[in-house]
Amino acid sequence: MCRNIKPLFNFNPVATDAEIQAASLQFVRKISGFTAPSKANEEAFNRAVAEVALAARQLMNSLVTTAEPRNREIEIERARARNAKRFGTVKKLES
């Protein structure tokens with residue numbers, strides 16, 4: 001779907017509201033086709049982002065797992081290694 005949306009479940013520390021908001025914004029941008037909505041669509045766009053963020057937070061709070069929480073730093077290093085193998089260079093990833 002959207003490569004900018006990263007998995008947020010089962011990390012230590014848990015996903016922040018900012019991370020969930022960013023993922024929600026990317027999702028709404030993807031399905032609406034708007035990077036930035038027009039004034040006529042701005043209210044609906046922003047409401048959709050807020051509703052998706054609320055649903056995502058509720059989902060994160062209700063999911064359960066017996067797996068150990070993943071470490072963000074280790075996952076970043078793994079992604080860098082995959083990028084180096086795939087593209088032949090190491091790309092700096094955003095946290």
Side-chain angles (χ1 to χ4, degrees):
M1 192 184 92
C2 187
R3 292 181 186 190
N4 293 332
I5 299 175
K6 308 290 185 236
L8 298 176
F9 177 62
N10 198 27
F11 277 98
N12 191 13
V14 298
T16 65
D17 287 337
E19 290 172 317
I20 290 175
Q21 181 73 18
S24 301
L25 178 60
Q26 285 296 324
F27 178 75
V28 172
R29 283 178 173 170
K30 183 70 170 184
I31 64 172
S32 70
F34 299 138
T35 300
S38 65
K39 286 287 184 190
N41 294 318
E42 187 173 26
E43 183 180 337
F45 184 91
N46 290 337
R47 185 175 53 248
V49 172
E51 290 172 0
V52 169
L54 177 62
R57 175 51 76 191
Q58 290 172 341
L59 175 64
M60 293 292 116
N61 290 340
S62 64
L63 292 174
V64 294
T65 184
T66 57
E68 289 292 317
R70 294 179 283 177
N71 181 297
R72 291 179 191 279
E73 297 302 319
I74 292 171
E75 294 300 320
I76 288 170
E77 287 305 315
R78 287 179 182 163
R80 285 185 182 141
R82 284 191 306 271
N83 282 341
K85 184 177 180 180
R86 182 175 180 191
F87 301 113
T89 60
V90 176
K91 224 177 178 182
K92 185 173 181 171
L93 299 178
E94 295 181 28
S95 301

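Quantities reported herein were computed from a predicted structural model and do not represent experimental measurements. The basis for the numbers below is simple: all heavy atoms, side chains too, and nothing from hydrogens, waters or symmetry mates.
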Undergrad: With a 4.0 Å cut-off, would you call R72 and E75 a salt bridge?
TA: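 Between E75 and R72 there is no salt bridge, as every charged N stays at least 4.0 Å from the carboxylate O atoms.
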Undergrad: Output the distance between atom CD1 (I76) and atom CD (E73), rounded to the nearest 0.5 Å.
TA: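 Result: 4.5 Å between the selected atoms.
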Undergrad: Shortest non-hydrogen contact from P69 to N12?
TA: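 Smallest heavy-atom distance, with atoms named: CB-CB, 3.7 Å.
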Undergrad: Going by the rule side-chain hydrogen bond (donor to acceptor under 3.5 Å, both in side chains), which residues pair with N71 if we only count those two or more places apart in sequence or in a different chain?
TA: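 Residues passing side-chain hydrogen bond (donor to acceptor under 3.5 Å, both in side chains) with N71: none at all.
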Undergrad: Can you hop from F34 to V28 via hydrophobic side chains spaced under 4.5 Å?
TA: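 Same cluster.
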Undergrad: Under a single-linkage rule joining Ile, Leu, Val, Met, Phe, Trp and Tyr whose side-chain heavy atoms are separated by less than 4.5 Å, which residues share a cluster with L63?
TA: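 In the cluster with L63 are L8, F9, I20, L59, M60.
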Undergrad: Just to verify, what does E77 make a side-chain hydrogen bond (donor to acceptor under 3.5 Å, both in side chains) with, not counting sequence neighbours?
TA: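 Scan of E77 (side-chain hydrogen bond (donor to acceptor under 3.5 Å, both in side chains), adjacent residues dropped) gives R80.
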Undergrad: Is the backbone N or O of T35 less than 3.5 Å from a side-chain atom of R29, with the two atoms forming a donor-acceptor pair by type?
TA: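 Yes.
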Undergrad: Identify whether V49 and I31 are in the same connected component of the hydrophobic contact network (ILVMFWY, side-chain heavy atoms under 4.5 Å).
TA: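 Linked within one cluster.
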Undergrad: I need the minimum non-hydrogen distance between P7 and R70, along with the two atoms involved.
TA: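 Closest approach of P7 to R70, heavy atoms only: CB-NH2, 4.1 Å.
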Undergrad: Name the atoms and distances for all side-chain donor-acceptor pairs under 3.5 Å in residues 36-44, with sequence neighbours left out.
TA:
residue	atom	partner	partner atom	Å
S38	OG	N41	N	3.4
S38	OG	N41	ND2	3.3

Undergrad: Test of understanding: with side-chain hydrogen bond (donor to acceptor under 3.5 Å, both in side chains), list the residues that count as partners of N61, not counting sequence neighbours.
TA: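 N61 satisfies side-chain hydrogen bond (donor to acceptor under 3.5 Å, both in side chains) with no other residue.
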Undergrad: If you round to the nearest 0.5 Å, how far is CZ of F11 from OG1 of T16?
TA: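 Going from OG1 on T16 over to CZ on F11, the span is 12.0 Å.
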Undergrad: Partners of R82 by side-chain hydrogen bond (donor to acceptor under 3.5 Å, both in side chains), sequence neighbours excluded?
TA: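 If we apply the side-chain hydrogen bond (donor to acceptor under 3.5 Å, both in side chains) test to R82, skipping adjacent residues, there are no hits.
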